[in-house]
Amino acid sequence: MESKVFTREELYNLVSRSLKEITEEYLVSYHSFKKICKSHQIPLPPQGHWSKKRFGKESPPILLPNSDKSDSISLYKRKEGNKRDLGTLSYFVKRKLEIENDPKVNLEVPKKLPRKLDPIVSATKSFLPVDHPKENGIWDFTKRYSYGKISVSASEKIFSRSLRIIHTLVEAIKARGHTFSFIYHRSYIVINGIELVLRFREKQKRIQIIEESGWKSSKLEPLGLITLITGEYSARKEWNESENLPIERKLSQIITYLEIAAEEKFRLKTINDKILKERRVQEKLEQERAEIREAEVNKLKDLIAQSRQWYEAQKLREYLNYLSKVSSMKSESQPEIEDLIQFGLDKADWLDPTLNKKDDILEGVNPNDFF
């Protein structure tokens, strides 16, 4: 199915033609084409435009408005007798059609492997283990390597066919601009930095066995059918084939699913990264405010402590002045009182934070310990 990819500007230029011509050339109805234009903010000619044009009158052009949307728009060529409307298809189906019509992608599984194989396919074909480094003899699953093999658990009967499917899938995924990463026995498809687990296994069923002794046991019997597994845990998805629908016919659907799943994971990661970044900025601001608050509290405490020291020093001087007056009113000299007054004045100067007088004896003593 031939397709043509338009930018917004190109589709805007296309609507200079009548909608009848557009719907005859492409697999799109009048209604779905209008929806496409509306979703991409592309104006259509006003009502009566084509009637006026038939009489030689032109309607004033409507300029293409600015838009944040930069998505490409795919329209599919209509062949004679094909009345399908592909304009209303879901996003999944549109992407699937895009992949199937991508000239770089070959989804046809060969009947035998080519001589020249991709290194990933060669490693998968080999029974030798891929040697990824260990940290002090311990597996380190945080690392990723560009070389490795796709995990395959299948009987010899279908292993060759699995390799041919893997060859086609690897070539198609790389043609779509994606890569692979590996660690030990795990293999990942990497789409826009998002890793998605990929592995193959053969479908099995459990058979009950009654031994000669009468004991019951069971064993797993391979069914010759391939299961492709993508994702892990809640994101795990299995693609099972049947005798009527082989996995080869699901490759475009599988790639479509992987690309859309990676897009959704990337969208959520972008949102989470933004939230985390905003949270870190907020935490940094709160930490800075807390540091400023703590510094100002300590500064205020020091200031209050100094004011208290100054106040206590003033009270001590007032008391010493009063003591000196009382002592001078007595007829007899009182050397002990005079020494006490001088001692007190010296210590008041040491206590006064505005003088910052040193005292070798009281060095290391906190003035606030006195009150």
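This chain uses plain numbering: 1 for the first residue, then up along the sequence.
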- Quick one: CG on Leu169 to CD1 on Ile247, what's the gap to the nearest 0.5 Å? 9.5 Å
- Message: Show the nearest heavy-atom pair for residues Glu195 and Lys265, with the distance to one decimal.
- Response: O-NZ, 4.1 Å
- When Ile, Leu, Val, Met, Phe, Trp and Tyr are grouped by side-chain heavy atoms lying under 4.5 Å apart, directly or through other members, which residues fall in the same group as Phe33? Phe6, Leu11, Tyr12, Leu14, Val15, Leu19, Ile22, Tyr26, Val28, Tyr30, Ile36, Ile42, Leu44, Leu64, Ile73, Leu75
- Has the side chain of Asn298 got a donor or acceptor atom that lies under 3.5 Å from a matching backbone atom of Glu294? yes
- Are Leu228 and Val197 connected in a single hydrophobic cluster, I mean Ile/Leu/Val/Met/Phe/Trp/Tyr linked by side-chain heavy atoms less than 4.5 Å apart? no
- CZ/Arg199 to OG/Ser153 distance, rounded to the nearest 0.5 angstrom? 8.0 Å
- Message: Checking the side chain of Tyr319 only, and the main-chain atoms of Gln314 only, is there a donor and an acceptor separated by less than 3.5 Å?
- Response: no
- Pairwise distance OG1(Thr23) to CG(Asp85) - rounded to 0.5 angstrom: 9.5 Å
- Message: Between Thr168 and Arg164 (side chain of the first, backbone of the second, donor and acceptor by atom type, cut-off under 3.5 Å), is there such a pair?
- Response: yes
- Given salt bridge (Lys or Arg N to Asp or Glu O under 4.0 Å), test Lys4 with Glu10 step by step and report yes or no. CA-CA 11 Å; Lys4 185 172 182 180; Glu10 290 170 340; over 6 Å; no
- Can Ile173 be reached from Ile191 by stepping across I, L, V, M, F, W or Y side chains whose heavy atoms are under 4.5 Å apart? yes
- Query: Which atoms form the tightest heavy-atom contact between Val190 and His178, and what is the distance?
  - Reply: O-CB, 3.5 Å
- Message: Are Trp239 and Val152 connected into the same hydrophobic cluster when the rule is that any two of I, L, V, M, F, W, Y join if their side-chain heavy atoms are below 4.5 Å apart?
- Response: yes
- Does the pair Lys219/Glu221 count as a salt bridge with the N-to-O cut at 4.0 Å? no
- Is it true that Glu296 and Lys299 have a side-chain N and a carboxylate O under 4.0 angstrom from each other? no
- Message: Between the side chains of Glu98 and Lys94, is the shortest nitrogen-to-carboxylate-oxygen separation below 4.0 Å, so that they form an ion pair?
- Response: no
- Query: Within the distance-only criterion (no hydrogens, no angle test), does the side chain of Arg8 pair as donor or acceptor with the backbone N or O of His40 below 3.5 angstrom?
  - Reply: yes
- Message: Ring of Phe371, cation from Arg308 - is the NZ or CZ under 6.0 Å from the centre and inside 45° of the axis?
- Response: no
- Message: I'd like to know if Lys77 and Glu25 make a salt bridge, using a cut-off of under 4.0 Å between side-chain N and carboxylate O.
- Response: yes
- Would a 4.5 Å heavy-atom cut-off, applied to side chains only, mark Ile226 and Ile158 as touching? yes
- Message: Tell me which one of Lys284, Glu286, Arg280 satisfies side chain to side chain contact (heavy atoms under 4.5 Å, CB included) with Gln282.
- Response: Glu286
- Note on the structure: The residue among Lys357, Lys347, Gln309, Arg317 that forms side-chain hydrogen bond (donor to acceptor under 3.5 Å, both in side chains) with Asp352 is Arg317
- Item | Any side-chain heavy-atom pair of Ser252 and Lys96 under 4.5 Å | yes
- Task: Take Lys157 and Glu202, measure what salt bridge (Lys or Arg N to Asp or Glu O under 4.0 Å) needs, and give me the verdict at the end.
- Result: CA-CA 10 Å; Lys157 181 180 177 181; Glu202 185 174 0; over 6 Å; no
- Query: Picking from Phe182, Tyr145, Trp139, what satisfies ring-ring contact (aromatic ring centres under 6.0 Å, His included) with His132?
  - Reply: Tyr145
- Message: Within the 4.5 Å heavy-atom criterion, are Asn106 and Glu171 side-chain neighbours or not?
- Response: no
- Can you find a heavy atom in the side chain of Lys174 that is under 4.5 Å from one in the side chain of Val170? yes
- How long is the span from the OG atom in Ser90 to the CD1 atom in Ile260, to the nearest 0.5 Å? 7.5 Å
- Query: Do Val93 and Leu97 touch side chain to side chain, with heavy atoms closer than 4.5 Å?
  - Reply: yes
- Query: What's the shortest heavy-atom distance between Ala313 and Leu351, and which atoms?
  - Reply: N-CD2, 3.9 Å
- Task: Could you check Glu263 against Arg95 for salt bridge (Lys or Arg N to Asp or Glu O under 4.0 Å), going step by step and ending with a plain yes or no?
- Result: CA-CA 12 Å; Glu263 285 176 3; Arg95 176 63 65 87; 2.5 Å; yes
- Message: Applying salt bridge (Lys or Arg N to Asp or Glu O under 4.0 Å) to Lys315 and Glu312, what does each step give before you reach the verdict?
- Response: CA-CA 5 Å; Lys315 286 201 301 181; Glu312 295 296 334; 3.5 Å; yes
- When clusters are formed by joining ILVMFWY residues with side-chain heavy atoms under 4.5 Å apart, either directly or through shared neighbours, do Ile229 and Tyr188 land in the same one? no
- Glu264 and Arg267 ion-paired at < 4.0 Å: yes
- Side-chain ion pair, Glu24 and Arg17, N-O less than 4.0 Å: no
- Heavy-atom nearest pair, Leu320 first then Leu345, reads CD1-N, 3.2 Å
- Task: Using a cut-off of 6.0 Å, state whether more than 12 heavy atoms not belonging to Glu243 lie near its atom CD.
- Result: no
- Measure from the side-chain N and O atoms of Asp102 to the backbone N and O of Lys104, and report whether any donor-acceptor pair falls under 3.5 Å. yes
- Message: Restricting to non-hydrogen atoms, name the atom on Glu241 and the atom on Glu248 that form the minimum distance, rounded to 0.1 Å.
- Response: OE1-OE1, 4.1 Å
- Message: Quick check: do Leu285 and Glu288 have side-chain heavy atoms less than 4.5 Å from each other?
- Response: yes
- Message: Quick one: does any side-chain atom of Asn136 pair with a main-chain N or O of Ile138 as donor and acceptor, under 3.5 Å?
- Response: no
- Query: Should Ile120 and Leu128 be regarded as members of a common hydrophobic cluster, given that ILVMFWY residues are connected when their side-chain heavy atoms come within less than 4.5 Å of each other, either directly or indirectly?
  - Reply: no
- Item | Side-chain donor/acceptor of Arg144 to backbone N/O of Phe180, under 3.5 Å | no
- Would you mind reporting whether Leu355 and Trp310 have side-chain heavy atoms less than 4.5 Å apart? no
- Message: Rounded at 0.5 Å granularity, tell me how far CG in Leu251 sits from CD1 in Ile165.
- Response: 7.0 Å
- Closest heavy-atom contact between Ser187 and Leu198? OG-O, 2.5 Å
- Task: If the plane angle is over 60° it's perpendicular, under 30° parallel, otherwise tilted; pick one for Phe159 and Phe127.
- Result: parallel
- May I have the step-by-step check of side chain to side chain donor-acceptor pair (under 3.5 Å) for Gln306 and Asp302, ending in yes or no? CA-CA 6 Å; Gln306 289 178 21; Asp302 290 341; 6.0 Å; no
- Task: Report the distance from atom CG of Leu107 to atom NZ of Lys250, rounding to the nearest 0.5 Å.
- Result: 15.0 Å
- Asn82 side chain to Arg78 backbone, donor-acceptor under 3.5 Å: no
- Message: Can you confirm whether Lys274 sits close enough to Glu278 that some side-chain heavy atom of one is under 4.5 Å from a side-chain heavy atom of the other?
- Response: yes
